[in-house]
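Every value quoted in this text rests on a predicted model; they were computed, and no experiment measured them. Basis for what follows: all heavy atoms, side chains included, without hydrogens, waters or symmetry-related copies.
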Amino acid sequence: MRVEQSLHFMLLKAEASLAKKLYQTLPGLNLSPGQPKLLDYLCEHDGCIQKELASVCEVESATITRLLARMEDAGLVERRPSATDRRSVSVFLTEKGRRAGKIVQEQFARIETGALAEIDEEHRNLFLELLCRIHQNLSHRDANPGRCRKAHH
């Protein structure tokens, strides 16, 4: 198999294309790499603890601390001690962060629609299930196909 047709090459190319398209549509937000994913997740899980955010977004704890510090300086998020665990920090979107997150989500949806154009629903669902399973295999997680299907329906 040629490198241009390998899984790793195609995944890296797809991610680079997605990132390029995303940052082309978000010039006014001045977001650094990694921040759109955090905003996207926080729009659905505002107030989650920092450790959860790092885990779900697969970002090292030192990196998440730096990303959140920059986002805090930009007025996008606010970190507060967790109400339930004194050792944890909860991350909340500010009003500016909610607006930026909404724009990020809209752009992700637009890009995803374009990326999946001319692919019927059955193949989309299969692709997302397989991509989920690939991720689980690479991250040494229990490859539970049911969990993948549920996440994408």
Salt bridge (Lys or Arg N to Asp or Glu O under 4.0 Å) contacts touching residues 29-50 (sequence neighbours left out)
D46-R98
By side-chain hydrogen bond (donor to acceptor under 3.5 Å, both in side chains) - contacts of R110 (at least two apart)
Q107
Does Q5 have more than 12 heavy atoms from other residues, nucleotides or ligands lying within 6.0 Å of its CD?
yes
Polar side-chain atom of T113 near backbone of A109 as donor-acceptor pair, under 3.5 Å
yes
Quick check for you: to the nearest 0.5 Å, what is the distance between L26 atom CG and I103 atom CD1?
7.5 Å
Any pair with a residue in residues 5-33 that passes salt bridge (Lys or Arg N to Asp or Glu O under 4.0 Å), sequence neighbours left out, goes on the list, sorted by first then second residue, please.
none
Pairing residues for F108 by the ring pair (Phe, Tyr, Trp, His ring centres under 6.0 Å) criterion, not counting sequence neighbours:
none
Euclidean distance, S17 OG relative to L12 CG, rounded to 0.5 Å
11.0 Å
Apply side-chain contact (heavy atoms from CB on, under 4.5 Å) to F127 and I119, showing your working.
CA-CA 10 Å; F127 172 72; I119 300 173; over 6 Å; no
Does E52, at its CD atom, have more than 12 non-hydrogen atoms belonging to other residues, nucleotides or ligands within less than 6.0 Å?
yes
Sequence neighbours excluded, the answer for ring pair (Phe, Tyr, Trp, His ring centres under 6.0 Å) partners of H123 is none
dist M71:CE -> I64:CD1 (nearest 0.5 Å) comes out at 8.5 Å
Partner residues of S61 under the side-chain hydrogen bond (donor to acceptor under 3.5 Å, both in side chains) criterion, sequence neighbours left out
none
Are side-chain N/O atoms of S82 and Q50 paired as donor and acceptor at under 3.5 Å?
no
Measuring from L131:CG to L126:CG, what's the distance to the nearest 0.5 Å?
11.0 Å
